[in-house]
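Everything below concerns the one structure shown next.
Note that the structure is a prediction, hence the values are computed from the model and not measured.
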Amino acid sequence: MDYELVMQELESLGKERMKKTYLSNGAHEPLFGVATGAMKPLAKKIKKNQPLAEQLYASGNYDAMYFAGIIADPTAMTEADFERWIDAAYFYMLSDYVVAVTLAETDIAQAVADKWIASGEELRMSAGWSCYCWLLGNRPDSEFSTSKIASMFDQVEKTIHDSPDRTKSAMNNFIYTVGISYLPLHDKAIETAKAVGPVEIKRDKKKSSILLASENIQKEIDRGRIGFKRKYVRC
């Protein structure tokens, strides 16, 4: 399938209700409002196709950009490609759920995520922390340096409350993910979650939301899900 045909297919799958939901979360025109689940049959037909993914991502259409992440071939992407993708990721559903997810399937994931975390830019930092969540939730514990993850916890504890909102949210998810999926620092995750306490996320024209990693970790402990790993990063 070529670019034009894929865009036609995505447009046919669009729903006004989903479009409104995406817009309320930070997406902007152009977009069709395609539910992610509705993209799966199309993705199965195409499988991995990096040149097509690049065309779709460059379109600026939110649904096309999201679909690009599904059909991308991460092993064909360089650090420069990921920098280009994160530059175009204008809100968190692209930075954290497209770019970070795709990056998490590469060998350069930690190196690139580290640079983004240190960047001082809200969505780059958010994508960096989110990438670690995708990595830790999927890869064996042996692939990570325990001392490095522990030092990242220290950074979270010191800076989370002064960080931009999307970065705060990703940092909070990092605490939760380590607590569930990275057994060597399960106890430290619980300690850090308690030390951090409630994390306030402000929302435009809406009441602020409060994130509490300690409660969410405890829920997973109660469900017997400690040590959980996803089989796949991307759906």
Side-chain angles (χ1 to χ4, degrees), residues 47-48 50 53 68-86 89 92 94-119 123-160 163 166-193 195-196 213-214 216-217 219-221 223-235:
K47 298 180 181 174
K48 288 182 181 178
Q50 187 60 29
I70 297 175
I71 65 166
D73 180 2
T75 61
M77 296 180 71
T78 65
E79 182 174 344
D81 292 328
F82 283 106
E83 290 292 346
R84 182 162 40 78
W85 277 38
I86 194 66
Y92 78 96
L94 291 170
S95 62
D96 296 13
Y97 296 100
V98 177
V99 184
V101 172
T102 308
L103 177 62
E105 292 200 357
T106 70
D107 293 334
I108 60 173
Q110 289 193 54
V112 175
D114 290 343
K115 288 182 182 179
W116 290 352
I117 287 170
S119 71
L123 291 182
R124 265 185 163 77
M125 292 190 290
S126 178
W129 288 106
S130 293
C131 183
Y132 268 97
C133 294
W134 296 113
L135 288 167
L136 290 158
N138 170 254
R139 298 193 185 185
D141 290 348
S142 58
E143 289 196 23
F144 304 92
S145 162
T146 302
S147 61
K148 178 181 179 180
I149 302 299
S151 71
M152 292 173 75
F153 264 139
D154 295 336
Q155 182 181 349
V156 168
E157 189 173 336
K158 289 174 185 174
T159 65
I160 187 169
S163 295
R166 286 316 316 174
T167 309
K168 276 185 189 177
S169 181
M171 283 176 154
N172 187 78
N173 196 36
F174 175 79
I175 301 170
Y176 164 81
T177 302
V178 175
I180 301 309
S181 297
Y182 187 65
L183 292 178
L185 290 176
H186 170 74
D187 291 339
K188 185 169 179 62
I190 293 173
E191 290 172 13
T192 304
V196 165
S214 56
N216 291 330
I217 292 172
K219 286 177 183 176
E220 300 302 328
I221 291 172
R223 291 172 184 158
R225 281 167 54 88
I226 303 307
F228 168 77
K229 298 282 185 181
R230 294 183 192 86
K231 192 172 181 182
Y232 304 104
V233 177
R234 292 187 295 174
C235 296

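When all heavy atoms of Glu143 and Gln110 are compared, the closest pair comes out as O-NE2, 3.6 Å. For Cys133 against Arg230, the heavy-atom pair with the smallest separation is O-NH1, 4.0 Å. Residues Ala100 and Ala127 come closest through the heavy atom pair CB-O, 3.4 Å. Summarising the geometry of Gly69 relative to Val98, their closest heavy-atom pair is CA-CG1, 3.9 Å, with the distance given to 0.1 Å. Residue Ala150 comes nearest to Lys188 through the heavy atom pair O-CE, 3.6 Å, listed as atom of the first residue, atom of the second, then distance. Scanning both residues, Cys131 and Ala113, for their nearest heavy atoms gives CB-CB, 4.1 Å.
Checking side-chain atoms of Ser126 against main-chain N and O of Leu123 turns up no donor-acceptor pair under 3.5 Å. No side-chain donor-acceptor contact under 3.5 Å links Thr192 to the backbone of Ala189. Between the side chain of Arg139 and the backbone N or O of Phe144 there is no donor-acceptor pair closer than 3.5 Å.
Residues satisfying the salt bridge (Lys or Arg N to Asp or Glu O under 4.0 Å) criterion with Arg225, sequence neighbours excluded, are Glu220. Among residues two or more places apart in sequence or in another chain, the ring pair (Phe, Tyr, Trp, His ring centres under 6.0 Å) test is passed with Phe174 by Trp129, Phe153. Evaluation of the side-chain hydrogen bond (donor to acceptor under 3.5 Å, both in side chains) rule for Lys229 yields Asp141 as partners, not counting sequence neighbours. In this structure Tyr97 satisfies the side-chain hydrogen bond (donor to acceptor under 3.5 Å, both in side chains) test with no other residue, sequence neighbours excluded.
Considering CE of Met125 and NZ of Lys168, their distance stands at 11.5 Å, rounded to 0.5 Å. Separation of atoms OG (Ser169) and CD1 (Ile160) is listed at 8.5 Å; rounding is to 0.5 Å. The distance from the CG atom of Leu183 to the CZ atom of Phe228 is 13.0 Å, given to the nearest 0.5 Å. Interatomic distance, Glu191 CD to Ile175 CD1, rounded to the nearest 0.5 Å: 12.0 Å. The CG atom of Leu136 sits 7.5 Å away from atom OH of Tyr182, with the distance rounded to the nearest 0.5 Å. Note: Met171 CE to Met152 CE = 8.5 Å, rounded to the nearest 0.5 Å.
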Worksheet item: What do the steps show when you test Thr102 against Met77 for side-chain contact (heavy atoms from CB on, under 4.5 Å), and what is the final call?
Response: CA-CA 9 Å; Thr102 308; Met77 296 180 71; 3.9 Å; yes

Practice prompt. Could you check Tyr132 against Asn173 for side-chain hydrogen bond (donor to acceptor under 3.5 Å, both in side chains), going step by step and ending with a plain yes or no?
Written response: CA-CA 10 Å; Tyr132 268 97; Asn173 196 36; over 6 Å; no

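Listed by first and then second residue, the side-chain hydrogen bond (donor to acceptor under 3.5 Å, both in side chains) pairs involving residues 70-79 are Asp73-Thr75, Thr78-Asp81, Glu79-Lys115 (not counting sequence neighbours). Note on residues 95-113: pairs passing salt bridge (Lys or Arg N to Asp or Glu O under 4.0 Å), not counting sequence neighbours, are Glu105-Arg234.
Using a 4.5 Å cut-off on side-chain heavy atoms (C-beta onward), Pro74 and Leu103 make no contact. Side chains of Ile221 and Ile190 form a contact here, defined as non-hydrogen atoms less than 4.5 Å apart. Contact of the His186 side chain with the Ile226 side chain is registered, since non-hydrogen atoms from C-beta on lie closer than 4.5 Å. At least one side-chain heavy atom of Val112 sits less than 4.5 Å from a side-chain heavy atom of Trp116.
Counting heavy atoms of neighbouring residues, nucleotides and ligands inside a 6.0 Å radius, atom NZ of Lys158 does not exceed 12 of them.
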